[in-house]
Amino acid sequence: MNKVYDRVALIGLGLIASSMFWAIKRAGLAGEVTGYARSQETRDTARRIGLCDRVCDSASEATEGADLVVLCVPVGAMGEVAADLAPALKPGATVSDVGSVKRAVIDAVAPHIPAGVHFIPAHPLAGTEHSGPESGFESLFDNRWCLLVPDKGADEQAIAALQKLWQGMGSNVDRMDPDHHDLVLAVTSHAPHLIAYTMVGVADDLSRVTDSEVIQYSAAGFRDFTRIAASDPTMWRDVFLANKDATLEILGRFTEELFALQRAIRRGDGAHLHDYFTRTRQIRRGIIEAGQDTDAPDFGRGQTPKD
Ligand code: NAP
């Protein structure tokens with residue numbers, strides 16, 4: 001028996017929550033999983049595809065009696081959602097979230113958590129450009145990291161249970177301080193997304209290159225930017241608004257490096273370019289060695305159709 005919690009409530013039923021549900025079921029990690037989404041349409045879809053054992057018509061109903069409540073809504077909506085369900089939390093329950101930014105979510109959610117309820121923020125480093133209740137799949141978290149970001153005095157037993165859940169869903173688990181988390185993610189995820197959005201926007205603006213040329217010849221790098229730039233607009237708007245300082249710091253550094261490369265190209269400084277690209281190639285090798293991507297040609301396309 002792998003059961004970690006008797007009842008888990010998923011609030012918000014998009015990519016992450018639906019993947020959690022299928023992963024929880026795959027490993028038998030919970031007795032019952034309840035779910036709630038704000039729109040009737042999403043709740044209807046969830047009922048139709050069998051997402052959650054019980055789909056509820058309010059966040060309170062889904063939360064009542066739950067041992068673990070996971071907030072799976074955009075970062076900017078976390079505080080409001082926590083305030084709405086807080087009165088229904090049972091003593092001893094754990095509230096967690098999956099938001100991509102941690103400091104802003106902690107500031108928004110923590111004030112609503114009643115005494116006797118544990119709050120253990122988390123962030124699974126796994127996702128795709130798809131969203132909504134039908135986009136989830138059970139293997140999304142396999143061999144991906146999930147970062148737990150508990151407060152210093154947080155209950156160790158509650159942390160251990162949440163860790164067991166994420167490990168049961170396939171993740172490797174680590175702990176991190178919230179501000180450090182936000183800086184690390186600004187480097188590894190947030191700034192790269194902004195750069196991808198910009199690159200796709202630039203291609204769209206370039207009148208000398210036609211849209212059909214961009215689409216037809218996109219395999220040479222651009223296609224990967226378009227995949228990232230297709231990510232959910234609401235989620236990413238909230239990420240940048242909530243992780244403003246760290247993202248701006250990294251973008252400042254990025255701009256400096258970009259100017260240095262621009263100067264090297266203008267001056268014909270091949271040695272600078274070669275050294276730089278040799279260093280970045282090492283980083284790519286490190287990611288593959290850490291098992292966080294494939295070195296198959298063309299990024300293993302065809303092998304991981306959902307990602
Ligand atoms: P998603 O597929 O777009 O689903 C979002 C869910 O939140 C939907 O059920 C939606 O309800 C609900 N929602 C949206 N705005 C809301 C609001 N203002 N109030 C209440 N509910 C609202 O999103 P997701 O990709 O699962 O992302 C959920 C969380 O996971 C976000 O905090 C994100 O930062 C984090 N995350 C995402 C990824 C990723 O790659 N996608 C990876 C790691 C972490 P309706 O369907 O009824 O509109």
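These numbers come from the heavy atoms of this one structure, side chains and all, not from hydrogens, waters or symmetry mates. Counting starts at 1 for both ligands and their atoms, in listed order.
- Every residue two or more places apart in sequence or in another chain that forms a salt bridge (charged side-chain N to carboxylate O under 4.0 Å, His left out) with Lys25 is listed here: Asp53.
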Sub-3.5 Å pairs, protein N or O with ligand 1 N or O:
| from | atom 1 | to | atom 2 | distance (Å) |
| --- | --- | --- | --- | --- |
| ligand 1 | 2 (O) | Leu15 | N | 2.8 |
| ligand 1 | 2 (O) | Gly132 | N | 2.8 |
| ligand 1 | 9 (O) | Leu13 | N | 2.8 |
| ligand 1 | 15 (N) | Arg38 | NH2 | 3.4 |
| ligand 1 | 26 (O) | Leu15 | N | 3.1 |
| ligand 1 | 26 (O) | Ile16 | N | 2.9 |
| ligand 1 | 32 (O) | Val73 | O | 2.7 |
| ligand 1 | 34 (O) | Ser100 | N | 3.3 |
| ligand 1 | 34 (O) | Ser100 | OG | 2.7 |
| ligand 1 | 36 (N) | Ser100 | OG | 3.4 |
| ligand 1 | 46 (O) | Thr42 | OG1 | 2.5 |
| ligand 1 | 47 (O) | Ser39 | N | 2.9 |
| ligand 1 | 47 (O) | Ser39 | OG | 2.7 |
| ligand 1 | 47 (O) | Thr42 | OG1 | 3.3 |
| ligand 1 | 48 (O) | Arg38 | NE | 3.1 |
| ligand 1 | 48 (O) | Arg38 | NH2 | 3.1 |

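- Put simply, CG on Leu51 and CZ on Arg43 are 13.0 Å apart, with the number rounded to the nearest 0.5 Å.
- For CD of Glu41, the number of neighbouring non-hydrogen atoms (other residues, nucleotides, ligands) closer than 6.0 Å is 12 at most.
- Taking the ring-ring contact (aromatic ring centres under 6.0 Å, His included) definition, one finds that His118 meets it with nothing, sequence neighbours left out.
- Residues passing the salt bridge (charged side-chain N to carboxylate O under 4.0 Å, His left out) test with Asp97 are Lys102, sequence neighbours excluded.
- Separation of atoms CZ (Arg26) and OG (Ser139) is listed at 6.5 Å; rounding is to 0.5 Å.
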